[in-house]
**Q** 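Take a look at the following structure, please.
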Amino acid sequence: MSLKLVRGTRDIYEKENDHFRKIITLFKNVSERYGYKEISTPIIEYSEVFEKTLGESSDVVSKEMYKFQDRSGNNLTLRPEGTAGIARAFISGKMKNQLPIRFLYYGPMFRYERPQKGRFRQFNQIGIELLGISDYQADVEVIALGYHILKDLGLNDKISLLINSLGDLESREKYKKELISYLNNYKNELSDESLIRLDKNPLRILDSKNKNDIKILENAPNFLNYLNDNSKFFFDKTCKGLENLDIPFTIETNLVRGFDYYCHTAFEFVTNELGAQNAIIAGGRYDGLISSMGGDDTPGIGWAGGLERLGLLIPEVDDLKRPVCLLSINNSSDNLISKLAYELRNSGFIVSVIRGGNISKSINKSNKINSKYVVIVGEEELKSGLFPVKDLDSSKQNNIKLGEICNFLKGLENDRSK
RNA sequence: GCGGGUGUAGCUCAGUUGGUUAGAGCGCCAGUUUGUGGUACUGGAUGUCGUCGGUUCAAAUCCGAUCACUCGCCCCA
């Protein structure tokens, strides 16, 4: 039997899980203040849910999906991202009369990519979607929410916001034509990658990292000049909306999203602390998505953030809540200890029972699990009915009657929080 | 998918031009201290040297393959 981990997957232990939980808790907490409600969709969907929405030419669909057939021959895919599944849920759940609707979600996603720092084959995303508002206010709200979360995580000075407009369909088609005709002059100089894109998805050439491509693009027509009045108005208003909230941003005209369903606003919160994996939160507007899946025409905008990447950026913080250790020096005290532990746990304490060994060792073990208080239960205590309750920080110790230990500890905790 | 680097104890890493029984620090366990912890001192345990194969009298060391991690490309969260 192989004990190896599947490539790009990993086991996550207590500390990291605590760390993730903190991010998720903060994410949910802030998002709920903006009116977002949690939705959980399945991890598997029919493959076409992703293929038709993300675009056949996108990297994710063309080479990164975990596709398989189940025993009935259904073509299924482990979700590579969250938006398509939520759009599907919105349509199949017949939620159109509840618009506008705000979703928050988090969970594992799967992409068959080469693993790197901050990049895994199974990874976790947090994300939000806002459906049913075609107005730029939705874009401002969604970006502000992302900024709010990053700010509360203390990442202000580590991230920057890049924003661009992909315009509406009309603007995009017009620009695409201009860009193609410009790039056609450089056909023999463009990178192979970009040449393929020239046919399939020319806008993606804009974010090519190839040096020569970048040079060619310097004189290429600028997307922002091809926005029609409607698109220009939309983009201006969005930017003004961000300024109104004092959210700093940079217009990045070469920012293009990898999925077909985006239009108008595209944005990324990026960092330079994670090497090639610089996008922490990224998203945009996808007005055509739901109609393309067979639903009524419904505008939408959202973003997704990488939990692992966020985790790499924020420091781990020790738990404030420290356990109480009950030291069992004598086996005949088992019942007494389990009852005391039960009572303390009912009162909200984290309780750890340490059995056997001498007192030195037991206190030592208590220290190692970051315990604040220990209660010693040994021969003498069973006789006298008085139990030493010791504060390991101050080394102060009081002898307390069994029935009063819980209240005594509560009192100490209250004093401490004052 | 392409290119570079790395892989030795739980962790961080040494290990000479191939040469006996593979090392250090931290951590862990025990003792000093049989009812009171963090410090100190003393002692101890722990390795398929990533895996498989090859060269050699002899491989952690050289060669090949493979796996994983890592950095860059690509792409993305």
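Naming convention: chains lettered A, B, ... in sequence-line order (proteins, then strands); numbering from 1 in each chain. Just so it is clear, the values below take in all heavy atoms, side chains as well, and ignore hydrogens, waters and symmetry mates. None of the values given here were measured: they were computed from a predicted structure.
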**Q** Looking at E173(A) and K176(A), is there a salt bridge between them, counting it only when a charged N and a carboxylate O are closer than 4.0 Å?
**A** yes
**Q** Let me know which of V351(A), V324(A), I350(A) forms a side-chain contact (heavy atoms from CB on, under 4.5 Å) with R345(A).
**A**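 Passing option: V351(A).
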**Q** Answer yes or no: does a side-chain N or O of R119(A) lie under 4.0 Å from OP1 or OP2 of C76(B)?
**A**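 Looking at the OP1 and OP2 atoms of C76(B), neither is under 4.0 Å from any side-chain N or O of R119(A).
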**Q** What's the gap between U48(B) and A9(B) when it is taken at their C1' atoms, as a whole Å value?
**A**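 Their C1' atoms lie roughly 13 Å apart.
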**Q** Measure all distances between protein nitrogen or oxygen atoms and nitrogen or oxygen atoms of nucleotides 41-49 of chain B, and list the pairs falling under 3.5 Å.
**A**
none

**Q** Can you work out whether R7(A) or A279(A) has the more 5'-proximal nearest nucleotide on RNA chain B?
**A**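 On the 5' side of the pair lies R7(A).
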**Q** Could you write nucleotides 26-40 of chain B as a row of B, S and -, 5' to 3', where a protein heavy atom under 4.0 Å of any base atom gives B, of only sugar-phosphate atoms gives S, and otherwise -?
**A** --SSSS---BBBB--
**Q** Work out how far the C1' atom of C29(B) is from that of G15(B), and round it to whole angstrom.
**A**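 Those two atoms are separated by 27 Å.
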**Q** Taking ring-ring contact (aromatic ring centres under 6.0 Å, His included) as the test, write out the residues that go with Y182(A), two or more places apart.
**A**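 ring-ring contact (aromatic ring centres under 6.0 Å, His included) check on Y182(A) returns Y186(A).
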**Q** Please report the distance separating the C1' of G54(B) from the corresponding atom of U46(B), rounded so that it comes out in whole Å.
**A**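 Straight-line distance between the two C1' atoms is 31 Å.
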**Q** For the pair made of CD in Q116(A) and P in C73(B), what is the distance, rounded to whole Å?
**A** 8 Å
**Q** Restricting to pairs with a member in residues 27-46 of chain A, which pass ring-ring contact (aromatic ring centres under 6.0 Å, His included), not counting sequence neighbours?
**A** Y34(A)-H148(A)
**Q** Run the numbers on I143(A) and L242(A) for side-chain contact (heavy atoms from CB on, under 4.5 Å), then give the verdict.
**A** CA-CA 8 Å; I143(A) 294 172; L242(A) 293 174; 3.7 Å; yes
**Q** How far, in whole Å, is U12(B) from G7(B) if one measures between their C1' atoms?
**A** 14 Å
**Q** Look at the side chain of R10(A) against the base of C69(B) and say whether a donor-acceptor pair falls under 3.5 Å; ignore hydrogens and angles.
**A**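 Looking at the base of C69(B), it does not pair with any donor or acceptor on the side chain of R10(A) (distance under 3.5 Å).
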**Q** Taking only distance into account, with no hydrogens and no angle test, what donor-acceptor pairs under 3.5 Å do side-chain atoms of residues 132-140 of chain A form with protein atoms, sequence neighbours excluded?
**A**
residue: D135(A); atom: OD2; partner: Q137(A); partner atom: N; Å: 2.8
residue: D139(A); atom: OD1; partner: R285(A); partner atom: NE; Å: 3.1
residue: D139(A); atom: OD1; partner: R285(A); partner atom: NH2; Å: 2.6
residue: D139(A); atom: OD2; partner: T265(A); partner atom: OG1; Å: 2.6
residue: D139(A); atom: OD2; partner: R285(A); partner atom: NE; Å: 3.1

**Q** Between the side chains of E32(A) and K28(A), is the shortest nitrogen-to-carboxylate-oxygen separation below 4.0 Å, so that they form an ion pair?
**A** no
**Q** For U8(B) versus U36(B), give the span between their P atoms, rounded off to a whole number of Å.
**A**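 Looking at atom P only, U8(B) and U36(B) are 43 Å apart.
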**Q** Write out all pairs satisfying ring-ring contact (aromatic ring centres under 6.0 Å, His included) with one or both partners inside residues 101-133 of chain A, taking only residues at least two apart or from two chains.
**A**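 Residue pairs passing ring-ring contact (aromatic ring centres under 6.0 Å, His included), neighbours aside: Y66(A)-Y112(A).
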**Q** Check nucleotides 3-5 of chain B against the protein and report each pair of N or O atoms closer than 3.5 Å, with its distance, or say if there are none.
**A**
residue: G3(B); atom: O6; partner: R114(A); partner atom: NH2; Å: 3.3

**Q** Tell me, which pairs form a side-chain hydrogen bond (donor to acceptor under 3.5 Å, both in side chains) where one or both residues lie in residues 117-129 of chain A, sequence neighbours left out?
**A**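 Applying side-chain hydrogen bond (donor to acceptor under 3.5 Å, both in side chains) to every pair that reaches into residues 117-129 of chain A, excluding sequence neighbours, yields T83(A)-E129(A), N124(A)-E308(A), E129(A)-Y286(A).
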**Q** In whole Å, what is the span from the CD atom of E308(A) to the P atom of U70(B)?
**A**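 Answer to the nearest Å: 12 Å.
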**Q** Please report the distance, rounded to the nearest Å, between OH in Y112(A) and P in G1(B).
**A** 5 Å
**Q** If pairs are Watson-Crick or G-U with both distances under 3.5 Å, what is the dot-bracket string of RNA chain B, marking crossing pairs with [ ] and pairs to another strand with |?
**A** (((((((..((((.....[...)))).(((((.......))))).....(((((..]....))))))))))))....
**Q** Listed by chain and number, what are the ring-ring contact (aromatic ring centres under 6.0 Å, His included) partners of Y226(A), not counting sequence neighbours?
**A**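 Y175(A).
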**Q** Mind checking what makes ring-ring contact (aromatic ring centres under 6.0 Å, His included) contact with F235(A), not counting sequence neighbours?
**A** none
**Q** I need the CZ-P distance between R309(A) and C76(B), as an integer number of Å.
**A** 11 Å
**Q** Check the distance between A77(B)'s C1' and L155(A)'s CG and give it to me in whole angstrom.
**A** 14 Å
**Q** Under the ring-ring contact (aromatic ring centres under 6.0 Å, His included) rule, collect the residues that match up with F234(A), sequence neighbours excluded.
**A**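 Once residues adjacent in sequence are excluded, the partners of F234(A) under the ring-ring contact (aromatic ring centres under 6.0 Å, His included) criterion are H264(A).
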**Q** Would you measure the distance from the C1' atom in A58(B) across to the matching atom in G3(B) and give it in whole Å?
**A**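 Straight-line distance between the two C1' atoms is 36 Å.
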**Q** For G43(B) and C49(B), measure between their C1' atoms and round to the nearest Å.
**A** 27 Å
